[in-house]
Amino acid sequence: EWQRALGDVFAAGSTQDAQLEKILEFLRNTPDKVGAPRKVFVFNSESDADIPTLKYAKGLDCAFVLGSGFKANRLLESLGFSERTHVVHYDYSAPALALRKLMLERWDGRDYGAFFLSVKPEIDAQFAGAVAYLPAPLVKDTASIDQEFMREMGSVFTSPDHWREHWQRYRALKHTYVEVDLLRDHAGLTAMIDAHATGHSAIWISDMFNSPNAVGKFRSEEHTSELQ
């Protein structure tokens, strides 16, 4: 019963197995129900272990990055970028892109907690309050936000000065914003890449192909096809 149900969670019938029913309910609602608040991952818990150790001496020409946390900055600092690098911010979540755009337009790289809490009402108003900020326990006050910010940045940036120097260079780059769901909109993904990829390009797609967000939405045959 478990194999049949988890093979296609949306087609699974009713079950008397309470644990299976709980898991099916979780997967069906991950990442969002229709009409549910769009998620904004203010921080990104993914490690830097998957960032290659290679470095482009002249810097990447184009980087496709998610609007999630600061891994885009860790990625570019590790791979290398120049004043010619074009950063394409993409996400399924319009509020996530809105936060990223406000950061680049207004934030000087200091006191992220105070900045985030100052623009949060603006984003909430823009999207009629249909926004969920994650991880929720860490984004409620300036102290917890600043602590998590330092934790996330520490693996690549050696000091606040190192970070701020990077951020000012990063803000000066060309930035483009694209709302697209890579798992469902293959034509949108292709169009984004065709429109912007050039020279040495890199794309960060997060852990979408091995997380419940993806596995719970597709039958196993579809998931295997996506990976291929």
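Counting from 1, the numbers follow the sequence of the chain as shown.
- For the side chain to side chain donor-acceptor pair (under 3.5 Å) with Thr176, the qualifying choice from His86, His89, His196 is His86, the only one to do so.
- The shortest side-chain heavy-atom distance between Asp124 and Tyr133 falls under the 4.5 Å cut-off.
- Both cation-pi conditions hold for Arg169 and Phe81: the charged atom is under 6.0 angstrom from the six-membered ring centre and inside a 45 degree cone around its axis.
- At a threshold of 4.5 Å between non-hydrogen side-chain atoms, the residues Leu189 and Phe64 do not count as touching.
- Between Asp108 and Phe115 there is no side-chain heavy-atom pair separated by less than 4.5 Å.
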*Go through the steps for Glu122 and Arg106 under the test salt bridge (charged side-chain N to carboxylate O under 4.0 Å, His left out), then give the verdict.*
CA-CA 13 Å; Glu122 186 174 337; Arg106 303 182 190 175; 2.9 Å; yes
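- We find the CD1-CD1 distance between Ile203 and Ile193 to be 4.5 Å, quoted to the nearest 0.5 Å.
- A distance-only check finds a donor-acceptor pair linking the side chain of Arg100 to the backbone of Gly69 [under 3.5 Å].
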*Going through the checks in order, is the ring-ring contact (aromatic ring centres under 6.0 Å, His included) test met by Trp167 and Phe157?*
CA-CA 11 Å; Trp167 182 247; Phe157 297 95; 9.8 Å; no
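- Other residues, nucleotides and ligands place more than 12 heavy atoms under 6.0 Å from the CZ atom of Arg164.
- Taking every heavy atom of both residues into account, Leu182 and Tyr90 meet most closely at CD1-CE1, 3.4 Å.
- Pairing each heavy atom of Thr85 with each of Leu173, the nearest pair is O-CB, 3.6 Å.
- Between Phe43 and Phe70, the ring-plane angle classifies as tilted under the 30° and 60° cut-offs.
- Counting heavy atoms from C-beta on, the side chains of Trp204 and Arg74 never come closer than 4.5 Å.
- Using a distance-only test at 3.5 Å, with no hydrogens or angles considered, a donor-acceptor pair links the side chain of Arg171 to the main chain of Glu105.
- Using a 4.5 Å heavy-atom cutoff, the side chains of Phe116 and Val40 are not in contact.
- Contact check for Lys58 versus Arg84: side-chain heavy atoms found under the 4.5 Å cut-off.
- Side-chain contact between Tyr170 and Val87 is present, with heavy atoms from C-beta onward closer than 4.5 Å.
- For the atom pair CE of Met153 and CG of Asn73, the computed distance is 5.5 Å after rounding to the nearest 0.5 Å.
- The environment of Glu1 atom CD is dense: over 12 non-hydrogen atoms of other residues, nucleotides or ligands sit within 6.0 angstrom.
- Counting heavy-atom neighbours within 6.0 Å of Gln3 CD, excluding the residue itself, gives a total of 12 or less.
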